Amino acid sequence: MKKDLISILDIRDELEEIIDLAIELKKKQKIGEVFEPLKNRSMGMIFEKPSTRTRVSFEVAMTQLGGHALYLSPRDMQLGRGETIADTAKVLSRYVDIIIYRAYKHEMMLELAKNATIPVVNALDDMEHPCQIVADLMTIKEKKGKFKGLKLAYVGDGNNVANSLMLGAAIVGMDFYIACPEGYEPNAELLEEAKKIAKEKETKIVITYDPKEAVKDADVIYTDVWVSMGDEAEKEKRMKVFAPYQVNEELVKLAKGDYIFMHCLPAHRGYEVTDGVIDSRNSVVFDEAENRLHAQKAIILKLVKH
Ligand code: CP
Ligand code: NVA
């Protein structure tokens, strides 16, 4: 049976194993060890929205594993001329071994996964961004050496990244606080799920409207853009609503002295985060971005039979 990665919940039981594999693969690459278990395998990458990190890290990951990646823009495919996502899924399943999909709509992601006979990976949709969170958790493990007992504070929009991060934090056993404006909380169903997991792990999931409460004594501070891809029409309103949620030098003083700052990137400097924070010694954003590559390799290896 094929396995998909649509929600981070899909790899709940294997998450820590995937993180450890990613750390292992990073070590292999650093010592120049060639590891090509996916020779003659192909990956199809359908991207409806722009991407720098996800696209490049997946393509390079597949190349380094010995396989081949095809970037497929819907504009250049028959998908852009009305062929259904279901038919596209069935056809691509006859050629490639795995599909990576960045979609506007979660329903399209589910439709593609339902009709593909090969693994489908969510490279971001309006609900989740699971691959990002695998790399983020890998980064936290590298920097802090553990998950248990850590407090992660997410400040900003309860968006796709926040949804997956909340679930990921619960799965590995970190306390998760989110400070967001009223009406911009994470998805209600996923919140319930995260709370259930946190209860089992005896950790906390806290939603607050006060950034100071979230950041106080935090080990990790995380933020993301105020205007996600697809939210552009609400830009003006969002800029006002989110202004009190900026991660700046004043706010981070409340965190632990050795806190780390994380951001999935791209950052909008001067909005959700100031230069003083993102360029500080506490910031790990570029290690986090690098880890996308190692995490993608671990994800691909976990899903593609070899
Ligand atoms: N963090 C992330 O997914 O970045 P891209 O949009 O550049 O892929
Ligand atoms: N929340 C952002 C993440 C970008 C990587 C978006 O969806 O645009």
Side-chain angles (χ1 to χ4, degrees), residues 5-8 22 43 45-62 69 71-74 99-109 121-140 154-168 178-181 183-187 190 220-235 237-239 241-242 245-247 261-269 271-273 278 283-300:
L5 172 48
I6 306 300
S7 165
I8 193 141
M43 163 190 272
M45 302 171 59
I46 308 173
F47 275 56
E48 291 176 4
K49 307 189 214 181
S51 169
T52 299
R53 281 143 288 268
T54 311
R55 174 185 174 176
V56 177
S57 59
F58 263 119
E59 286 197 23
V60 173
M62 194 59 179
Y71 179 75
L72 304 164
S73 162
I99 299 175
I100 312 297
Y101 183 31
R102 173 166 285 199
Y104 276 102
K105 294 265 160 269
H106 186 59
E107 297 75 52
M108 292 285 276
M109 183 68 65
V121 175
N122 180 355
L124 181 149
D125 62 16
D126 54 349
M127 186 69 83
E128 282 201 52
H129 194 4
C131 302
Q132 175 70 50
I133 275 47
V134 175
D136 295 341
L137 295 173
M138 172 191 176
T139 309
I140 294 171
Y154 178 98
V155 181
D157 190 14
N159 59 18
N160 43 13
V161 170
N163 285 335
S164 293
L165 189 62
M166 170 179 72
L167 291 166
I178 173 168
C180 59
Y184 295 88
E185 297 84 359
N187 175 274
L190 296 182
V220 182
I221 302 178
Y222 197 119
T223 190
D224 184 16
V225 291
W226 294 340
V227 183
S228 283
M229 294 178 278
D231 289 339
E232 289 80 5
E234 299 172 16
K235 184 171 178 187
K237 181 177 160 210
R238 283 174 168 266
M239 289 301 177
V241 175
F242 282 100
Y245 293 84
Q246 183 185 64
V247 178
F261 173 75
M262 301 183 75
H263 191 312
C264 58
L265 304 179
H268 288 87
R269 290 164 174 263
Y271 293 94
E272 75 272 7
V273 63
I278 197 170
S283 175
V284 299
V285 296
F286 298 111
D287 290 334
E288 182 185 0
E290 177 191 329
N291 283 344
R292 298 294 308 277
L293 169 65
H294 312 296
Q296 315 297 37
K297 281 189 191 170
I299 291 167
I300 298 166

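These numbers come from a predicted model, not from an experiment. Just follow the structure's listing: the first ligand is 1, and inside any ligand the first atom is 1.
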*Asks:* Among all residues two or more places apart in sequence or in another chain, which pass the salt bridge (charged side-chain N to carboxylate O under 4.0 Å, His left out) test with E290?
*Replies:* K30

*Asks:* Ignoring hydrogens, what is the shortest heavy-atom contact between M45 and R55? Give both atom names and the distance.
*Replies:* CE-O, 3.6 Å

*Asks:* Which value, rounded to the nearest 0.5 Å, describes the distance between Q296 atom CD and I299 atom CD1?
*Replies:* 5.0 Å

*Asks:* Nearest protein heavy-atom contact for atom 4 (C) of ligand 2: which residue, which atom, what distance?
*Replies:* L124 CD1, 3.9 Å

*Asks:* Should you measure from each heavy atom of N159, which atoms of ligand 2 turn up under 4.0 Å away?
*Replies:* 1 (N)

*Asks:* Among residues at least two apart in sequence or on other chains, which ones pass side-chain hydrogen bond (donor to acceptor under 3.5 Å, both in side chains) with E128?
*Replies:* S7, S164

*Asks:* Give the residue and atom name of whichever protein heavy atom lies nearest to atom 7 (O) of ligand 2, and the separation in Å to one decimal.
*Replies:* N160 ND2, 2.8 Å

*Asks:* Would D125 and Y101 satisfy side-chain contact (heavy atoms from CB on, under 4.5 Å), going step by step from the backbone distance to the final call?
*Replies:* CA-CA 8 Å; D125 62 16; Y101 183 31; over 6 Å; no

*Asks:* Can you tell me the protein heavy atom closest to atom 3 (C) of ligand 2 and the distance?
*Replies:* D224 OD2, 3.6 Å

*Asks:* Would a distance-only check, ignoring hydrogens and angles, find a side-chain to backbone donor-acceptor pair under 3.5 Å from N160 to H129?
*Replies:* no

*Asks:* So for ligand 2, is L265 a polar contact partner (N or O within less than 3.5 Å, distance only)?
*Replies:* no

*Asks:* Please table the atom pairs, donor to acceptor, closer than 3.5 Å between any side-chain atom in residues 223-231 and protein atoms at least two apart or in another chain.
*Replies:*
residue	atom	partner	partner atom	Å
T223	OG1	V155	O	2.7
D224	OD2	N159	ND2	2.8

*Asks:* Flag S228 as yes when one of its N or O atoms lies below 3.5 Å from any N or O atom of ligand 2, and as no otherwise.
*Replies:* yes

*Asks:* Return the residue, atom name and 0.1 Å-rounded distance of the protein heavy atom closest to atom 8 (O) of ligand 2.
*Replies:* M229 N, 2.8 Å

*Asks:* Taking the ring of F242 and the ring of Y184, is the distance between their centroids below 6.0 Å?
*Replies:* yes

*Asks:* Please output the residues near ligand 1 using a strict heavy-atom distance under 4.0 Å, listed in chain and residue-number order.
*Replies:* S51, T52, R53, T54, R102, H129, Q132, C264, L265, R292

